[in-house]
Amino acid sequence: MTSTETERSVPKPQFTDAEAGAKEFPDSGPSARRYNYYKPAKRKQTHYEDVTVEVQPDPRHYLSQGWIYGFADGSSGYPLTWTKLKAWGVDNPEPERGPGSGGKPVQDWPAHGWHEFRDPNEEWDLTIFRNNANVERQITANVENARNAKAFEQWNPNWVKFVERHVSTWMHIEHIFGLYVFAACNRSGPTNMHNTAMAVNSAHKIRFAQDIALYNLTLSEEIDGFDGTAHVDAWNNDTEWQGVRKVCEALTAIEDDWAETIFATNIIFEPLLGELFRSNLVQQAAPGNGDYVTPTVMGAGEYDYSQRDLRWSQACFGLLTQDKEFADHNKALMGEWLSKWVPQCLEAARQMSPLWSQPDNKPPRFEDSLDRAKNRFAGILGDLGLDVPKELSQ
C-alpha cells in the first residue's frame, strides 16, 4: 500500500527587492571604514560625533514621512520655537515632501545653524560614567583617608556648626538644578548635541548633591554632636539662604524657553552665587579652621562647573552671539535676560554676606569675594561678546 503526500496550502514567503534595501551607498560597502551621514566639525569625525550627532533624525533633513510622534499641542519632534533664540536658517520654510522625494538631499536645510553646536567636552555615554566614577573614587579616598587619620577631630568647633548648617545646605541647590533645570530642559533642546550636553550637566549636579549628602552622613558618624539635619532648617528658614532659594525656585519656573533657563543658571547664577560660595567662602575658610577635607568635596563640584558645564555653555551661546543671521537678535535677547537675572543674583549674594563672618578663622572679606566673582562673570560675558550690565557696577 502506498501513500501520496499532498502539498500543504500555507502562505509562502515572498522576498522583495525594496528600493531602500537594494540601494548601494558609497560609504556602505564592505571596504568602507565608516558610514558618515553628517559633516564633522573638523577634518575627521570623532567618536563623540559618531554616537551623538543626529541620532534622532530630522524630517527637515532625513525623514520623508515626517515625525512619527507629536505633542498634545500639535508640535512634533524637536520644536525650534521652544526658545526665543535663533540660529541661521531657522526662518526658512521646511522642504515639501512628496512621493519619491525621501532620499532627496535638502540644500537649504532649515535651522542648520542649530546643528553646528558640538560639546567641546565630547561627552557621551561612556565618558559620563568614566568621568563621574573617577570623581567618586577620588572623593571616597579623600574622605576615607581623613577618617583613618582622625582629621575631623582637628576641626574648630565653630566650623563644625558652619559645615552642618551651611555647607550641607548647598546640596539643595544642586538637587534643584540637576532635576528641575537641566533634566527638565534636556528634552527641549533642538538637537541631540544640545540634549546630551544638558543631560550630562544634570548628571553632574545630581552626583554632586549626592556627594554632599553622603559627606553629611559621614560627618554625622565621625563627629560627636554633628547635626546631619541642620541644613534643612537652614534652607527653609535662615535669612542668608532665602535670596538664593528664591532665585533657584524662579529658575525652575521659567516658561517656554529652555535657553533662558540654561543661560540664567550657567552664565549668571553659577559665577555670581555658585563660585562665590564654593570657591570664595568654603574653600578659602576651611583650611584655617582645621579642615582640609571639605574643599576636596566642594572642589569636585567646582571642577564640574568651571571645566565642563561652563565650557559647553559658552560653546552653545557663543555660536548664537556670532550667528551669521541672528547675532543681533540673540545678543539683544541675552541682554534682556541679564537685566532680569543679574539684579536678583546680586541681591541674593548680598543676603549671604553674614556667612563670611561666622567662621572663627575668617576668609577674605565678602566685598573682596564678590568683586572677584563679578570680575569672573564679566570675563565670561566678554568671551561671549556680550556687554556687562550696568547692575554689575552697583
Side-chain angles (χ1 to χ4, degrees), residues 82-87 114 117-121 173-174 176-178 180-182 184-186 188-190 193-194 197-198 200-202 204-205 208 244 247-254 257-280 301-323 326-349 370-393:
W82 282 358
T83 176
K84 298 180 185 64
L85 293 177
K86 292 185 175 184
W114 282 114
F117 170 67
R118 299 287 188 273
D119 180 359
N121 302 313
I173 297 167
E174 298 295 321
I176 289 171
F177 285 171
Y180 304 110
V181 169
F182 293 102
C185 289
N186 154 250
S188 301
M193 295 78 79
H194 292 84
M198 283 187 263
V200 174
N201 205 147
S202 172
H204 289 160
K205 294 295 180 185
F208 186 36
V244 180
V247 178
C248 285
E249 293 175 353
L251 288 171
T252 67
I254 295 173
D257 203 317
W258 64 268
E260 180 182 355
T261 307
I262 301 300
F263 183 87
T265 303
N266 271 357
I267 302 299
I268 303 175
F269 179 97
E270 282 289 353
L272 288 180
L273 289 168
E275 291 188 331
L276 176 69
F277 179 77
R278 296 188 301 258
S279 286
N280 294 310
E302 198 72 334
Y303 183 86
D304 286 340
Y305 171 67
S306 63
Q307 300 299 319
R308 290 181 177 275
D309 300 337
L310 176 61
R311 197 169 173 224
W312 83 260
S313 302
Q314 286 181 305
C316 170
F317 294 112
L319 275 175
L320 298 168
T321 57
Q322 301 170 30
D323 188 88
F326 296 110
D328 292 340
H329 165 85
N330 293 334
K331 286 183 178 179
L333 188 57
M334 291 181 197
E336 292 177 15
W337 294 343
L338 289 168
S339 298
K340 175 182 177 182
W341 292 102
V342 169
Q344 296 183 55
C345 289
L346 291 177
E347 180 184 356
L370 184 58
D371 284 345
R372 191 176 298 118
K374 286 179 177 179
N375 290 335
R376 160 82 157 159
F377 174 58
I380 293 171
L381 296 185
D383 291 341
L384 291 174
L386 297 173
D387 295 331
V388 176
K390 63 180 187 305
E391 291 82 1
L392 210 63
S393 60

query: Yes or no on side chain to side chain contact (heavy atoms under 4.5 Å, CB included) for N330 and D323, after CA distance, side-chain angles and deciding distance?
result: CA-CA 8 Å; N330 293 334; D323 188 88; 4.2 Å; yes
query: Counting distance only, does the side-chain N/O of N201 pair as donor-acceptor with the main-chain N or O of F182 below 3.5 Å?
result: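 Looks like no, no N/O pair under 3.5 Å.
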For the student: nearest non-hydrogen atoms of [X] and [Y], plus distance:
X	Y	answer
D119	N121	OD1-N, 2.8 Å
Q314	L384	O-CD2, 3.6 Å
A373	L272	O-CD2, 4.2 Å
W114	A87	N-CB, 3.4 Å
F263	L338	CE2-CD2, 3.9 Å
A264	I268	O-CB, 3.4 Å

- request: Test E270 against R308 for salt bridge (charged side-chain N to carboxylate O under 4.0 Å, His left out), laying out the working first.
  value: CA-CA 13 Å; E270 282 289 353; R308 290 181 177 275; over 6 Å; no
Find the distance between [atom1] ([X]) and [atom2] ([Y]) and round it off to the nearest 0.5 Å.
X	Y	atom1	atom2	answer
D328	T321	CG	OG1	10.5 Å
L370	N375	CG	CG	9.5 Å
L251	T261	CG	OG1	7.0 Å
N266	M198	CG	CE	10.5 Å

Answer yes or no: is there a side-chain heavy-atom contact under 4.5 Å between [X] and [Y]?
X	Y	value
V181	T252	yes
I267	M334	no
L386	I380	no
P271	Y305	yes

Listed by chain and number, what are the side-chain contact (heavy atoms from CB on, under 4.5 Å) partners of [X], not counting sequence neighbours?
X	result
D304	H204, R207, D309
S339	none
A348	V244, V247, L273
A259	T83, L85, D257, F317, W337

Set of side-chain hydrogen bond (donor to acceptor under 3.5 Å, both in side chains) partners for [X], sequence neighbours left out:
X	answer
E336	none
S202	none
R118	E49
W258	none

By salt bridge (Lys or Arg N to Asp or Glu O under 4.0 Å) - contacts of K86 (at least two apart):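 Applying salt bridge (Lys or Arg N to Asp or Glu O under 4.0 Å) to K86 gives D91.
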message: Test of understanding: with salt bridge (Lys or Arg N to Asp or Glu O under 4.0 Å), list the residues that count as partners of R376, not counting sequence neighbours.
response: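 Scan of R376 (salt bridge (Lys or Arg N to Asp or Glu O under 4.0 Å), adjacent residues dropped) gives E275.
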Atom pairs and distances, side-chain donor-acceptor, residues 340-347, under 3.5 Å, sequence neighbours left out:
residue : atom : partner : partner atom : Å
K340    : NZ   : E260    : OE2          : 2.9
W341    : NE1  : E260    : OE2          : 3.1
Q344    : NE2  : K340    : O            : 3.0

- request: Check the pair W312 / I262 against side chain to side chain contact (heavy atoms under 4.5 Å, CB included), numbers first and verdict last.
  value: CA-CA 11 Å; W312 83 260; I262 301 300; 3.7 Å; yes
Any residue meeting ring pair (Phe, Tyr, Trp, His ring centres under 6.0 Å) with F177, in chain and number order, not counting sequence neighbours: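 Residues passing ring pair (Phe, Tyr, Trp, His ring centres under 6.0 Å) with F177: F269.
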- prompt: Should the ring pair H194 and F117 be called parallel, tilted or perpendicular, given that the plane angle runs from 0 to 90° and is split at 30 and 60?
  reply: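 Correct class here is tilted.
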Greater than 12 external heavy atoms within 6.0 Å of D383's CG: yes
